[in-house]
Amino acid sequence: MSDALTYAARESSRFREELFEFLRIPSVSAKSEHDADTRHAAEWLADQLRRAGLAVEILQTARHPVVLGEWREAGSDAPTVLVYGHYDVQPAEPFEEWTSPPFEPEIREGKVFARGSADDKGQLFMHVKALEAALAEGSLLPVNVVVLAEGEEEIGSPSLVPFVEQHRDRLRADVVVISDSTMFAENLPSLLFSLRGLAYFELRVSTAKTDLHSGAYGGAVPNPATALARVLASLHCADGRIAIEGFYDDVVEWDERTRERIRGLPFDEEKFRDEVGAAALTGEPGWSVLERLWIRPTCEVNGLLAGYTGEGAKTVLPAKAMTKLSFRLVPDQTPDRIRELFEVHLAKVTPPGVDTELIQLHGGLPWKAELGGRFLEAASTALDEAFGTRPVLQGEGGSIPIVVEFERILNAPALLVGFALPGANMHAPDEWLPLANFERGIVALVRLYQELGTP
């Protein structure tokens with residue numbers, strides 16, 4: 001292993017330049033004008049995996065390809081590690097809010113600023129370079145490794161579950177390792193024990209067949225913007241609980257030991273409030289901020305559109321209004337059940353003369369890990385050696401729906417080891433990744449592959 005770490009240290013400047021090459025490719029999966037860029041990112045990544053010593057294929061899906069790399073020289077008796085990541089990125093708009101161009105990586109104050117630096121190119125690339133270092137100069141690993149990188153994660157991974165189902169024998173593994181999350185804090189690594197699920201909807205509200213003069217028709221024709229506002233206001237009780245009947249019926253309560261662990265983490269609520277720039281914190285009563293973020297369900301308005309919003313005045317009564325909403329789910333809630341409950345709620349609260357259309361855009365199940373076991377201990381040892389401190393266990397408020405699907409299809413536990421930091425602006429302007437974490441993350445992953453092969 002010392003040879004691998006020596007190699008990684010010697011090649012660190014090249015690793016950084018290659019990361020920058022990767023980040024310069026605008027692989028925005030949501031936009032068709034970037035389809036060629038997304039394909040280019042897949043081909044570029046495949047070349048890097050071949051350089052690391054893996055056999056690689058690019059397998060086309062209905063939209064963006066999957067890059068599949070394999071190294072199986074540890075033998076049939078050795079454990080197999082499946083590494084999952086994604087090479088696609090979120091759209092970078094609004095461009096004017098970036099300090100430097102989103103696809104021109106720049107280092108400022110020890111951070112790499114670029115779209116995809118944290119989510120997930122930078123973290124996926126740590127695995128590629130860790131494998132290159134571990135396999136350099138004919139060295140061997142005590143585990144077989146399969147790398148699966150997709151190009152559709154940022155659009156809900158529509159092709160991935162069918163792909164995993166189709167190739168389940170080839171992808172069969174003892175553990176699935178994913179780096180697409182954050183550490184708890186700077187110099188304090190963590191391992192995830194939970195992810196919230198997601199039910200994401202677009203709600204369309206309509207009344208008249210066309211926009212109307214608000215003076216000539218206002219007061220007689222229902223206003224869809226007003227109706228939508230009433231619907232949205234009905235979703236929460238005054239104390240912050242979600243008011244949809246039956247919403248909490250399937251929620252599995254967490255054990256007191258886990259809640260004590262969460263409360264024992266070094267978290268400063270006032271510092272958190274200052275960092276996000278909020279005047280006050282809110283949420284479901286009876287739960288701490290971290291519990292609200294990690295182990296409690298939510299309902300949030302993500303966007304609103306109605307009427308005239310341009311410069312100046314236009315006295316219009318709009319014919320339609322629209323909102324996008326996300327429900328973050330916890331075990332044992334499901335997106336389909338939330339839709340059923342939401343539809344019943346809409347039927348109760350929608351004003352007369354107003355039509356609604358609910359469109360379910362995508363969703364995913366929540367995930368809860370079994371705490372303990374040799375894989376978790378292997379990761380703890382690797383992170384301790386790379387960062388000089390024992391990792392803590394934490395939850396994650398976001399969603400990675402494929403985690404549950406990997407466990408279901410492959411019958412292998414997931415191990416989530418992230419290296420970004422809180423406030424990394426994932427999905428926002430000025431996304432960043434600490435350069436030191438990129439370098440120490442490679443060390444940790446080299447060590448992890450060794451530890452995973454230890455009986």
Side-chain angles (χ1 to χ4, degrees), residues 27 29-30 38-39 41-43 45-46 49 54-72 76 78-89 119-121 123-125 127-128 131 143-181 192 194-200 329 331 334-336 360-370 375 396 398-418 449 452:
S27 49
S29 55
T38 305
R39 176 78 189 190
E43 294 169 346
L45 179 61
L49 286 167
L54 282 71
V56 184
E57 284 187 74
I58 299 177
L59 302 171
Q60 188 60 46
T61 70
R63 188 163 181 186
H64 298 302
V66 166
V67 179
L68 193 64
E70 298 172 277
W71 188 87
R72 297 186 181 274
S76 58
T80 296
V81 179
L82 175 63
V83 177
Y84 163 79
H86 63 94
Y87 62 84
D88 64 320
V89 299
D119 182 20
D120 178 42
K121 285 181 175 178
Q123 300 200 64
L124 171 61
F125 199 58
H127 282 277
V128 178
L131 289 169
V143 293
N144 300 303
V145 179
V146 179
V147 177
L148 189 164
E150 67 157 321
E152 299 180 3
E153 196 274 347
E154 299 294 4
I155 55 173
S157 301
S159 302
L160 191 57
V161 171
F163 181 90
V164 177
E165 294 271 16
Q166 180 183 354
H167 299 278
R168 70 170 68 208
D169 290 336
R170 188 173 179 181
L171 298 174
R172 201 164 299 281
D174 295 277
V175 62
V176 181
V177 179
I178 302 173
S179 298
D180 192 13
S181 54
L192 291 193
S194 69
L195 291 163
R196 291 193 291 192
L198 175 66
Y200 192 87
L329 313 180
T334 68
D336 289 343
Q360 188 167 349
L361 297 178
H362 59 80
L365 294 170
W367 170 76
K368 183 179 179 181
E370 292 292 332
F375 297 131
E396 168 62 54
S399 306
I400 310 177
I402 192 59
V403 173
V404 176
E405 299 295 347
F406 274 134
E407 291 193 340
R408 177 184 66 84
I409 300 169
L410 303 180
N411 194 29
L415 184 62
L416 275 68
V417 187
Y449 293 134
L452 290 174

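A quick note: this is a predicted structure, and the numbers were derived from the prediction, not measured. Sequence positions, counted from 1, serve as the residue numbers for this chain.
- Of the residues listed (Leu365, Ile409, Leu195), the one engaging Val404 in a side chain to side chain contact (heavy atoms under 4.5 Å, CB included) is Leu365, and it is the only one.
- In this structure, the side chains of Phe125 and Val128 come closer than 4.5 Å at one or more pairs of heavy atoms.
- Within the model, atoms CD of Gln60 and CD1 of Ile58 stand 9.5 Å from one another, a figure rounded to the nearest 0.5 Å.
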query: Are Ser159 and Glu152 close enough, and set up right, to give a side-chain hydrogen bond (donor to acceptor under 3.5 Å, both in side chains), and what steps lead you there?
result: CA-CA 7 Å; Ser159 302; Glu152 299 180 3; 2.9 Å; yes
Worked verdict on Tyr84 versus Ile402 for side-chain contact (heavy atoms from CB on, under 4.5 Å): CA-CA 9 Å; Tyr84 163 79; Ile402 192 59; 3.7 Å; yes
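- The closest side-chain heavy-atom distance from Val56 to Val67 is below 4.5 Å.
- The two residues Ala412 and Glu407 have their closest heavy-atom pair at O-CG, 3.2 Å.
- Residues Ile178 and Asp120 form no side-chain contact, since every pair of their non-hydrogen atoms from C-beta on lies 4.5 Å or further apart.
- Evaluation of the side-chain contact (heavy atoms from CB on, under 4.5 Å) rule for Pro401 yields Ser399 as partners, not counting sequence neighbours.
- His86 contributes atom NE2, which lies 8.5 Å from atom CD of Gln123 (distance to the nearest 0.5 angstrom).
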message: I'd like to know whether Asp180 forms a side-chain contact (heavy atoms from CB on, under 4.5 Å) with Asp119, so could you lay out the CA-CA distance, the side-chain angles of the two residues, the decisive distance to 0.1 Å, and finally the verdict.
response: CA-CA 6 Å; Asp180 192 13; Asp119 182 20; 3.0 Å; yes
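- Thr38 and His64 get closest at one heavy-atom pair: CG2-ND1, 3.5 Å.
- Residues Leu415 and Val175 approach most closely at CB-CG2, 4.1 Å, considering heavy atoms.
- For the pair Gly151 and Ser29, the tightest heavy-atom approach, listed with the atom from each and the gap, is O-CB, 3.2 Å.
- Side-chain contact check for Ser27 versus Lys121: some heavy-atom pair is nearer than 4.5 Å.
- Side chains of Arg408 and Val161 form a contact here, defined as non-hydrogen atoms less than 4.5 Å apart.
- Put simply, the side chain of Ser179 gets close to the backbone of Val417: a donor and an acceptor are under 3.5 Å apart.
- Closest approach of Leu452 and Val143 over heavy atoms only: C-CG1, 3.7 Å.
- Between Pro335 and Gln360, the closest side-chain pair of non-hydrogen atoms falls below 4.5 Å.
- Atom NZ in Lys368 sits 15.0 Å away from atom CG in Leu192 (nearest 0.5 Å).
- Smallest separation of non-hydrogen atoms from Ala149 and Tyr87: O-CE2, 3.7 Å.
- For the atom pair CZ of Phe406 and CG of Asn411, the computed distance is 14.0 Å after rounding to the nearest 0.5 Å.
- Residue pairs meeting the salt bridge (charged side-chain N to carboxylate O under 4.0 Å, His left out) criterion with at least one partner in residues 168-177, sequence neighbours excluded, are Glu57-Arg170, Glu70-Arg170, Glu165-Arg168, Asp169-Arg172.
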message: Please determine whether side-chain contact (heavy atoms from CB on, under 4.5 Å) holds for the pair Tyr449 and Leu131, giving the CA-CA distance in whole Å, both sets of side-chain angles, and the decisive distance to 0.1 Å.
response: CA-CA 9 Å; Tyr449 293 134; Leu131 289 169; 3.5 Å; yes
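- Inter-residue side-chain proximity for His127 and Val145 is flagged as unmet; no heavy-atom pair is nearer than 4.5 Å.
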- request: In sequence, state the C-alpha distance, the side-chain angles, and the governing distance for Leu171 and Val164, and then conclude on side-chain contact (heavy atoms from CB on, under 4.5 Å).
  value: CA-CA 7 Å; Leu171 298 174; Val164 177; 4.1 Å; yes
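- Summarising the geometry, atom CG belonging to Leu59 is positioned 5.5 Å from atom NE2 belonging to His167; distances are rounded to the nearest 0.5 Å.
- Side-chain atoms of Thr334 and Leu329, non-hydrogen and from C-beta on, never get closer than 4.5 Å to each other.
- Remark: side-chain polar atoms of Glu153 are not paired, donor with acceptor, to backbone N or O of Asp88 under 3.5 angstrom.
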